[in-house]
Student: 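One structure, as structure tokens, below. Some questions next.
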Protein chains: 2
Amino acid sequence: MKTPVLDFKDCGTCPIRHRAVCARCEPDELSQLDAFKYYRSYEAGQPIIWSGDRMDFVASVVTGVASLSQGMEDGRTQMVGLLLPSDFMGRPGRELAPYDVTAVSNLTLCCFRRKPFEKMMADTPHVGQRLLEMTLDELDAAREWMVVLGRKNAREKIASMLAIIARREASLNLVPTANEFELPLTREAMADYLGLTLETVSRQMSALKRDGIIQLAGKRRIIVPDFDRLQSETGDDMDGGMVA
Amino acid sequence: MKTPVLDFKDCGTCPIRHRAVCARCEPDELSQLDAFKYYRSYEAGQPIIWSGDRMDFVASVVTGVASLSQGMEDGRTQMVGLLLPSDFMGRPGRELAPYDVTAVSNLTLCCFRRKPFEKMMADTPHVGQRLLEMTLDELDAAREWMVVLGRKNAREKIASMLAIIARREASLNLVPTANEFELPLTREAMADYLGLTLETVSRQMSALKRDGIIQLAGKRRIIVPDFDRLQSETGDDMDGGMVA
DNA sequence: CGATGCATTGAAACTTTTCAACATGGGTGG
DNA sequence: CCACCCATGTTGAAAAGTTTCAATGCATCG
């Protein structure tokens with residue numbers, strides 16, 4: 001498999017230009033960023049960072065999906081974040097990575113050397129402001145996920161995950177809901193995301209298929225004939241559910 | 001019961017002065033804040049905000065404990081945040097509250113009217129910078145909690161909660177670990193925090209007591225004879241566990 | 001074509017929940 | 001002042017849901 005070599009010399013053609021941490025940068029600020037940015041690509045499954053590693057960069061996900069996960073020493077693993085295009089990785093001011101970061105699918109990052117990025121944040125308030133907005137959104141997402149982990153049963157967990165991925169997929173493509181999409185996770189990754197075993201994930205996927213909530217085309221492509229029906233399996237409030 | 005009337009005219013005597021969102025404000029900025037701040041107190045158990053309410057203020061917790069929780073319409077509830085002194089409540093730019101907020105213990109808030117606070121954030125970058133730091137810390141805490149919810153068993157969950165509360169208690173009092181502290185939560189609140197039923201919480205508390213990991217003085221006061229022993233019940237790595 | 005990695009399915013074991021009864025302990029009103 | 005009451009907490013036993021262990025299926029890759 002050949003890793004595609006990216007060559008976005010120009011932020012103007014960047015697919016995440018309007019949603020990433022640089023969303024509100026002016027042309028001169030983009031060229032400032034350009035001075036200390038570089039792209040890196042990873043193949044599906046490759047590790048990007050191990051917990052405890054020194055991290056000299058922060059980055060935006062340009063294409064693909066990455067996971068943040070935390071391991072317990074006896075081997076149990078919990079995914080604590082799923083980074084989709086435009087999401088931000090790393091923390092300004094932090095030397096050591098607190099989580100394992102893995103490329104879930106083929107992935108391209110737009111990396112910024114950490115020190116100059118921190119300097120830019122100090123000098124250019126709206127970069128920090130944008131990062132604050134994004135961090136608050138991530139905190140909301142993390143809290144929504146806490147409800148899934150703490151209070152939903154296995155079927156509701158699976159349905160919730162599918163609904164969330166479908167919605168995010170749709171929002172990237174600027175359509176209301178995606179009724180067909182590629183599931184970027186293995187069964188094991190889903191299990192780590194949902195706090196289940198991979199067998200339970202497999203069983204519940206089969207059950208949702210058997211009940212006609214979803215169809216599978218191959219192992220990874222999901223078809224949702226009726227999004228409301230999927231939504232009603234999540235256990236969430238039908239309408240008011242989403243945060244304002 | 002009489003609600004104590006607070007009268008911190010002066011930020012100089014404020015117990016959270018050095019940790020809250022205003023930590024890095026200069027005297028002139030504090031007097032700016034003073035123009036649109038006010039204190040409110042609540043008794044243990046009182047609701048502060050219901051999900052969906054209009055929220056015209058943001059606030060710092062001065063004393064006491066508040067909870068953020070999300071309900072599912074069938075009655076299941078998951079606590080998604082526990083706000084201790086110096087923690088920030090509300091989101092600049094957001095009109096409607098996404099969670100129920102409840103005073104867990106007697107509570108005093110230092111409230112700022114939202115609009116002027118937003119203006120101040122725009123004009124005074126370091127307020128936003130401080131809020132970004134605090135939000136990133138909260139995100140870390142939320143992710144740590146996701147591991148607890150997703151991968152730990154009931155005993156580990158209880159031990160984790162006790163260890164975390166003991167540590168936060170200690171850090172407020174500037175001592176390394178608190179080996180005796182007041183547990184501010186009812187069994188039901190603990191259950192909502194941990195994604196368990198209150199019966200399971202009760203059983204595991206009894207088990208930890210039976211095994212000598214903790215002692216109970218009354219219903220709420222917890223004594224931890226050996227903090228390492230408690231820590232070893234959490235399932236976490238002994239030392240490297242804490243994020244850098 | 002056999003090996004390897006991922007996924008599915010079954011049955012037994014285990015953990016947590018559910019339902020129900022009982023305990024405790026402060027407060028209130030007789 | 002005491003009895004009773006209500007909220008909170010504890011404990012037991014059966015039921016339910018999830019995990020564990022084990023076998024099998026299916027596709028891809030060398």
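Letters go in sequence order (proteins before strands), and every chain restarts at 1.
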Student: Check the distance between C/dT16's P and B/Leu194's CG and give it to me in whole angstrom.
Tutor: 12 Å
Student: Is it true that A/Asp192 and B/Arg151 make a salt bridge, defined as a side-chain N closer than 4.0 Å to a carboxylate O?
Tutor: yes
Student: Specify the separation, in whole Å, of atom CG of B/Asp74 and atom P of C/dT18.
Tutor: 10 Å
Student: Take the protein atom CG of B/Leu185 and the nucleotide atom P of D/dA7, then report the distance between them rounded to whole Å.
Tutor: 20 Å
Student: Please classify the nucleic acid contact of B/Arg220 as base, sugar-phosphate, or nothing, using heavy-atom distances under 4.0 Å.
Tutor: sugar-phosphate
Student: Is it true that atom CZ of A/Arg40 has more than 12 heavy atoms of other residues, nucleotides or ligands lying nearer than 6.0 Å?
Tutor: no
Student: Starting at the 5' end of DNA chain C, which residue's closest nucleotide do you reach first, A/Met205 or B/Arg155?
Tutor: A/Met205
Student: Can you tell me the distance, in whole Å, between the CD atom of A/Glu188 and the P atom of C/dT8?
Tutor: 14 Å
Student: Donor-acceptor pair, distance only, cut-off 3.5 Å: does the side chain of B/Arg187 make one with the backbone of B/Leu198?
Tutor: no
Student: Please give me every residue in residues 195-202 of chain A whose heavy atoms get under 4.0 Å of an atom in DNA chain D, ordered by residue number.
Tutor: A/Gly195, A/Leu196, A/Thr197, A/Glu199, A/Thr200
Student: Tell me whether B/Glu182 is salt-bridged to B/Arg220, with the criterion being a basic N under 4.0 Å from an acidic carboxylate O.
Tutor: no
Student: Looking at B/Lys209 and B/Asp211, is there a salt bridge between them, counting it only when a charged N and a carboxylate O are closer than 4.0 Å?
Tutor: no
Student: Using the side-chain heavy atoms of B/Asn153, tell me which of these nucleotides is nearest: D/dT18, C/dT16, D/dT10.
Tutor: C/dT16
Student: What pairs of residues pass the ring-ring contact (aromatic ring centres under 6.0 Å, His included) test when at least one of them lies in residues 184-219 of chain A, not counting sequence neighbours?
Tutor: A/Trp145-A/Tyr193
Student: What is the distance, to the nearest angstrom, from the CG atom on B/Leu149 to the C1' atom on C/dT15?
Tutor: 17 Å
Student: OP1, OP2 of C/dT9 versus side-chain N and O of A/Arg203: anything below 4.0 Å?
Tutor: no
Student: Whole angstroms only, please: what is the CG-P distance between B/Asp192 and D/dG9?
Tutor: 12 Å
Student: Provide, to the nearest angstrom, the distance between the CD1 atom belonging to A/Ile158 and the C1' atom belonging to D/dT18.
Tutor: 13 Å
Student: Starting at atom CG of B/Leu216, determine the distance to atom P of D/dG9, rounded to an integer number of angstrom.
Tutor: 11 Å
Student: Look at atom CD of B/Glu188 and say whether more than 12 heavy atoms of other residues, nucleotides or ligands are closer to it than 6.0 Å.
Tutor: no
